[in-house]
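Letters go in sequence order (proteins before strands), and every chain restarts at 1. Because only heavy atoms are used, hydrogens play no part in the values below, and waters and symmetry mates are left out as well, while side chains stay in. Model, not experiment: these values are computed from the prediction.
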Amino acid sequence: MTSAASNFAARLASAIGASRVSADPAECTEYAVDEIVPAAVAKPSATEEVAEIVRFAALEKLALIPCGNRSKLEIGMPPSRYDLALDMTGLNQIAHYDPGDLTVGVDAGANFNDLAAPLFKQKQFLPLLVPFYFESTIGGIIASGLDSSLRHSCGTARDFLIGAEFVDGTGRLCKSGGRVVKNVTGYDLHKLLIGSLGTVAVITRLNFRTFPAPPASRSFVLSFSAPRDALVFSNLVERSPIRPASLDLVSPRLIELFVEAEKNSSQPPTAALKGEFPAGSWHLCVSVEGSPQVCERASREFAELAASSTAKPAQFVTLNENEGAGLWHYVSQFISFLLEACPLTAIFKITILPSRLAPLLEQLRALADQASLPYAVLARACGVLYFSLLLPSDEHESLNSASLQPLAEATSAVFSFCTSENACAYLPWCPNQLKRQVNTWGSPRADFGLMRRLKSAFDPQNLFAPGRFL
Amino acid sequence: MHAGLLRDLEKLLGSSSVLFQPEDVLLYEYDGSVEKGRPDIVVFPTTTQEVSQIVKLAVKDNVPIVGRGAGTGLSGGALARIGGVMIVFARMNRILSIDPENQRAVVQPGVVNFDLTLAAEPHGLYFAPDPSSQKSCTIGGNVAENAGGPHTLAYGVTANHVTALELVLPDGEIVRVGSAQGDAPGYDLTGLFVGSEGTLALVTEITVKLTRKPEAIKTQLAIFDSVDDAAETVVDVTARAIIPAACEMLDGWTLRVVEDFVHAGFPRDCAAVLLLEVEGLAEAVTAQAAAITDVCKTHHAREVRLARDNAERELLWKGRKNAFGALGRLAPSNYVLDGVIPRTKLPQTLRHVREIGARYGFDICNIFHAGDGNLHPIVLYDPRDKGQFERAMQASAEIIRYCVEVGGTLTGEHGIGMEKAELMPLLFSDADFDLMRRVHDACNPACLLNPGKIFPLSKGCGEIRIRAKSSSRPSPS
Ligand SMILES: Cc1cc2nc3c(=O)[nH]c(=O)nc-3n(C[C@H](O)[C@H](O)[C@H](O)COP(=O)(O)OP(=O)(O)OC[C@H]3O[C@@H](n4cnc5c(N)ncnc54)[C@H](O)[C@@H]3O)c2cc1C
């Protein structure tokens, strides 16, 4: 560490207390982002301390990155500067919970599970079972902007985040929205925090509308030999009067990973993945929530659809609530299973209108085949495609730009193809060495300029995670 | 005034699309609110390019611009507070596409809300945000205000149904934000621009989600002899997490007036009614309706009527949606408030509103979206009596202050506009205003687009402070 760095750590310690700052190299390494290690870590325990740290950073022109439990820190481009990690896990209280109003407010550093537990007691929940949720803070979940299978029925965070407090780049505590479920007072600045990856403000508090837990649920797995048939069927489901809670398509490779992970896991989830999954099949996973009568009706109607449709499933499995929980655990955590099985994975998030999912998927598969790269897919029927290219790796071989070349080329091809198809694409997960060769944000969009201006409005000195986005 | 600009605008649009005679522009000095503000020039563009050109011309001459849909707004949003050019979107009223397969529509901002639903109907689809003004208000106005409606309780407000926008920024630049699907890499700009009250950009094209019609609908009218019981019913319905598609309340003498006017079948001798609707699968709807009846009975409903058919259902809704119009029969003028409270606070808040009315000597009635805690107390007054107007405004500010005190907010759907700008400090600190100002300036640096809105005058752009006549609204103190 440079002496300038140790100096700022000492000055910060004298401002907010020695116990709140660490410049211990081993500890700092734990906060590395894309192998860039900060010179110090600050651990505030109150909002006012967060503001003070940001003011300090502004004064000393330090780049800082807010962190939760650090499960998704690598999303985005590598920081161009990174002096100080701001560990938000010390702000972890539930600020208010009004079950009768179905609203809750929580500190950004609270663990998802610590919030889910009291909600569960009141038969309520937040539809935020995003990748890594069980090891995530609420602030991290919102800042990473990830979606969950339940978006089909509940939407994404923009649909149920009703207000927020945050520290802007001038080190002042600001807010937008509020605690009530309907509100058009002032600009909806909190919407800009969703998916901002710590680049616009340090989130300190988040207010949500909660959802009542359904009385019952049932899940279905329909297996098809061709993804196109699976998507035709998914369209039929969408057009039926039944409104599924989730509707996701899992590729053959991905389900294999789930099955393998289950075999190797010392602690499988509550229920095992039920059923034999026909090899090489694409699996449409559907869940329905509501009264037992509603679940019954869904079972009947889906069975009828399966029998009458031209897109016939090779297998149709019905899962009870408990078995469904097992399946959805795997589906919700697909990113971590992918990354565990193949560290050299590039995972794109691509969005397109649902009717164009099938042709897009077909082209992407062709592209992967051309590059001789295996791939895995999770597609949400609402038009979201997680497409991953897996570069087989040899643990002993050292990584260099040559060994990543096939992945880099295929990645660029995916981006340009998506641009030509008018699909939005970015690359939330990839080996960090790949970021030297491709921009994970894909082709520049016409609105990036406006985003840049807004980032400067929040963070005039570019203190927050500079370089990560735009 | 602005002779050169006028000439340029006429050259651009043709003289039939430009108004400037005092008697012509007079029509545009009002919206649905009690505020006033007269534009110097009113223009009617038909394309995005024209909007961009108009903006460039006005900005060159340092003349303010304000967008306007149907002018039904209730917060003075569409008024030319310090004069200038008003861009009326009435002729940009084409539905550009309806894509039933993907449940999307692309519309110009001047499309009337209900016209989109009519156009989508043959496909079994509709546009979910349904403000009571839906037969006249425009989707551009809905986007600017982030409008709600009775059914936004279950389906969400306008923001939840908009996936992409085409914008004209105050320098004339045309930008697209969001995506047809909805998600786009980076910040949620669509989320920021929806509800920004026409102060950040003009909206020239909107991509919206269309919603599939439910299989079954049940509409119930619950009749109460006490407002408290009706309010407690709402609290309990929410607490039991029944989540109807709509839960509207009308109280006592409002009902009688509405009934005289619409003949919706509301009993004339009760204290309050709740209009409750559940939608979904037949099985679910039957169970939910039964659960709601149960809750109503627990709270002493005199009667719970189930609409027998579509005709009866439509009549009940006609009563609700035309209620504001009917009030004109009661008093020369009325002032509609728009506060929000946590739903658990409903009974005490309605009691407090009554008490404030009594104290100021006004009849205050309520027609509102009870299910999401969005109050619309309506103060009846005689505008010819200056003293009455002032007292009505004071009573209103007191009600809004109470909403904030119990954890609520200044507006749930009508917006801040001119009318509530001075109340903003009840919720926001200097730091909040500074940030909002910077966000405003990132889009609208010269403050020429819809000046004098949202921000209290003391926090607004310097020039506006001098040019604007102060609002008729009271300050929070
Ligand atoms: C009887 C009655 C009932 C109502 N019920 C409801 C209700 O249930 N829910 C509800 O939310 N509201 C309700 N309203 C309020 C009003 O109808 C809504 O706010 C509506 O969205 C306004 O639409 P408009 O086309 O009339 O907009 P206007 O009043 O013309 O404009 C409103 C705002 O939008 C801006 N604007 C308009 N078009 C554009 C554009 N293209 N680009 C940028 N800015 C633009 C204007 O500058 C202004 O700030 C009601 C009003 C009335 C009179």
With only heavy atoms counted, which part of [X] is less than 4.5 Å from chain B, the side chain, the backbone, both or neither?
X: A/Ala213; value: neither
X: A/Arg151; value: side chain
X: A/Tyr187; value: both
X: A/Ile352; value: backbone
X: A/Gln122; value: neither
X: A/Leu197; value: neither
X: A/Lys349; value: side chain

Fill in the blank from the handout: Max heavy-atom pairs within cutoff under 4.5 Å with chain B, candidates A/Met451, A/Arg179, A/Lys123, goes to A/Met451

Practice task
Using the ring of B/Phe455 (Phe, Tyr or Trp, six-membered ring only), decide whether B/Arg437 places NZ or CZ under 6.0 Å from its centre and within 45 degrees of its axis.
Solution key: yes

Exercise for the section: Kindly confirm or rule out a cation-pi arrangement of A/Arg209 over A/Phe211, judged by NZ or CZ under 6.0 Å from the six-membered ring centre and within 45° of its axis? Expected result: yes

Fill in the blank from the handout: By salt bridge (charged side-chain N to carboxylate O under 4.0 Å, His left out), B/Asp171 pairs with (sequence neighbours left out) none

Exercise for the section: Examine distances only and state if a side-chain atom of A/Asp447 and a backbone atom of A/Leu450 form a donor-acceptor pair shorter than 3.5 Å. Expected result: no

